[in-house]
Amino acid sequence: MAKETMKKTGAKKSSSKRSASSGSASASSRKKGSSRKKAARKKKRFIIFGVEIFLLLVMVAGFYVVRQLDRFQRPTVDPEKVKINESIAEETVQTMSGYTNVALFGLDTRIAGQLGKGNRSDTMIIASINNDTKEVRLVSVYRDTYLDLTNGKFNKCNGAYSAGGPEQAIGMLNKNLDLDIQYYMSVDFAALTETIDLLGGIYIDVDESEIGHLNNYTVETSKVTGVETQKLTQTGLQLLDGVQATSYCRIRYTAGDDFKRTERQREVIMEIVNTAKKANITQINEIINAVFSKIATNYTNEQLLQMAPEMIGYDIVDTQGFPFDKVAGSVKSKGSCVIPVNLAENVKQLHEYLFDNYDYTPSETVQEISDQITKDTGY
């Protein structure tokens with residue numbers, strides 16, 4: 001309102017001075033024109049300066065992100081040595097091309113940050129991402145499953161990581177399951193514990209059969225991670241800290257044994273993902289600083305930067321354990337194993353579950369492995 005009044009007043013003053021000389025008006029016009037040009041040049045300088053600052057901030061942010069990604073451990077993984085069955089049908093390869101399959105390994109290491117061979121993979125999860133819908137399905141491969149370790153030697157499948165690191169472990173999954181996994185991520189107890197603590201904990205419903213085992217596992221988990229905790233005093237839905245949640249993942253002495261344990265692991269992963277989506281930038285930055293050096297992967301920085309914007313939209317829609325049809329039994333000198341009851345049929349179910357591929361036919365390699373398992377075990 002004040003500006004309108006000033007404009008009207010100025011207009012009245014202007015009309016009362018129409019008799020002023022044309023020279024004076026011309027000089028005034030030139031002065032105003034000069035002022036406008038100066039203002040325009042000044043505005044342009046501010047715009048250019050603002051753009052330069054913005055670009056500088058983007059460059060600094062990009063450098064910071066790349067520098068943080070450099071914290072990842074990257075053991076050499078030779079793509080030529082990662083086994084992929086040559087006898088997979090072309091139609092199967094084409095179907096899988098619409099998905100990104102990543103192997104996630106949780107290592108049973110007693111020295112934080114040691115993620116190479118020599119450590120058994122306590123957890124093996126295949127994360128299959130539908131590239132169109134961004135839906136994610138998780139499949140836990142039971143660590144004691146009797147499979148070919150890629151070299152014709154049959155044993156508990158978690159021995160592949162110990163023998164040949166992620167290279168052999170990825171190859172083992174591909175060879176036995178007709179998959180095309182090329183990338184992986186490995187973590188240990190310490191990384192999992194610290195991530196959960198920096199997120200402020202996660203909510204888990206602990207039942208009566210679990211609480212005693214959980215409290216027992218916290219002793220060793222605290223020792224390995226160097227993080228203290230408290231024993232749980234009650235059952236039910238409650239906020240667990242990093243040590244407690246990691247110990248929850250390790251429980252295997254309840255009904256369901258290792259099968260129930262992998263279910264707990266998938267539950268914890270889903271809770272971490274859901275909680276992380278609500279985290280603020282400070283929490284995310286703290287996790288990056290603390291945890292990235294305790295993660296191993298063969299993804300490049302460029303690939304991770306390209307994936308990052310899409311990850312927010314990922315949604316874990318379902319989880320399962322593999323093999324679907326199984327029995328527990330002793331196999332020769334290998335001890336107690338999880339035995340696939342007809343591996344070929346189990347792999348067929350896996351492709352139906354992950355890729356909606358109901359026309360899949362197991363490759364000759366998978367069929368040969370399946371026949372050998374039957375010969376060795378009687379199942």
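For Gln265 and Thr262, the side-chain atoms include no donor-acceptor pair closer than 3.5 Å. Judged purely by distance below 3.5 Å, without hydrogens or angles, the side chains of Asn85 and Asp178 pair a donor atom with an acceptor atom. Side-chain polar atoms of Ser128 and Asn101 form a donor-acceptor pair below 3.5 angstrom. Between the side chains of Gln238 and Asp205, no donor-acceptor pair of N or O atoms lies under 3.5 Å. With hydrogens and angles left out, the side-chain atoms of Asp207 and Ser209 include a donor and acceptor closer than 3.5 Å.
Using a 4.5 Å heavy-atom threshold, the side chains of Ile272 and Leu192 count as touching. Taking 4.5 Å as the limit, some side-chain heavy atom of Thr221 sits within range of a side-chain heavy atom of Arg250. Considering only heavy atoms from C-beta on, Asn280 comes within 4.5 Å of Gln283 through its side chain. Within the 4.5 Å cutoff, the side chain of Phe105 has no heavy atoms near those of the Met185 side chain. Side chains of Tyr217 and Val243 form no contact here, defined as non-hydrogen atoms less than 4.5 Å apart. A heavy-atom distance below 4.5 Å is found between the side chains of Val139 and Leu354.
Note that NZ of Lys334 is 12.0 Å distant from CD1 of Ile339, once rounded to the nearest 0.5 Å. Here Glu228 contributes atom CD and Lys223 contributes atom NZ; the two are 14.5 Å apart, rounded to the nearest 0.5 Å. Residue Glu91 holds its CD atom at 8.0 Å from OG1 of Thr95, rounded to the nearest 0.5 Å. Note that the CG atom of Asp325 and the CG atom of Asn346 stand 5.0 Å from one another [nearest 0.5 Å]. A distance of 9.5 Å separates NZ of Lys231 from OG of Ser247, quoted to the nearest 0.5 Å. Between the CZ atom of Phe355 and the OG1 atom of Thr92 there is a distance of 9.5 Å, given to the nearest 0.5 Å.
Residue Tyr253 places its OH atom among 12 or fewer non-hydrogen atoms of other residues, nucleotides or ligands, all under 6.0 Å distant.
Under the side-chain contact (heavy atoms from CB on, under 4.5 Å) criterion, Lys134 pairs with Glu310, Tyr314, sequence neighbours left out. A search for salt bridge (charged side-chain N to carboxylate O under 4.0 Å, His left out) contacts involving Lys277 returns nothing, not counting sequence neighbours.
Ion pairing of Arg261 with Asp122 is present here, as a side-chain N (NZ or NE/NH1/NH2) and a carboxylate O approach within less than 4.0 Å. With respect to Glu267 and Arg264, no salt bridge is recorded, no charged nitrogen being found less than 4.0 Å from a carboxylate O. A salt bridge does not link Asp188 with Lys294: every distance from a Lys NZ or Arg NE/NH1/NH2 to an Asp or Glu carboxylate oxygen is 4.0 Å or more. The existence of a salt bridge linking Glu167 and Lys117 is excluded, since no basic side-chain nitrogen approaches an acidic carboxylate oxygen closer than 4.0 Å.
A cation-pi contact, defined as under 6.0 Å to the ring centre and within 45° of the axis, is absent between Lys326 and Tyr146.
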(request) Report the C-alpha separation of Gln320 and Tyr353 in whole Å, then their side-chain angles, then the decisive distance to 0.1 Å, and conclude whether the side chain to side chain contact (heavy atoms under 4.5 Å, CB included) test is met. (result) CA-CA 9 Å; Gln320 286 287 349; Tyr353 174 73; 3.3 Å; yes
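Ring pair Tyr299/Tyr183 is parallel by interplanar angle, where below 30° counts as parallel and above 60° as perpendicular.
Under the 4.5 Å side-chain heavy-atom criterion for ILVMFWY residues, a single connected hydrophobic cluster contains both Tyr248 and Leu104. Both Ile196 and Leu138 sit in one connected hydrophobic cluster of ILVMFWY residues. Membership requires side-chain heavy atoms under 4.5 Å apart, directly or through other members. Under a hydrophobic clustering in which Ile, Leu, Val, Met, Phe, Trp and Tyr are joined whenever their side-chain heavy atoms come within less than 4.5 Å, directly or via other members, Ile269 and Val317 fall into different clusters.
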Name the atoms and distances for all side-chain donor-acceptor pairs under 3.5 Å in residues 149-160, with sequence neighbours left out.
| residue | atom | partner | partner atom | Å |
| --- | --- | --- | --- | --- |
| Asn151 | OD1 | Lys153 | N | 3.1 |
| Lys156 | NZ | Ser336 | O | 3.3 |
| Asn158 | OD1 | Arg120 | NH1 | 3.0 |

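Using a distance-only test at 3.5 Å, with no hydrogens or angles considered, no donor-acceptor pair links the side chain of Glu345 to the main chain of Asn342.
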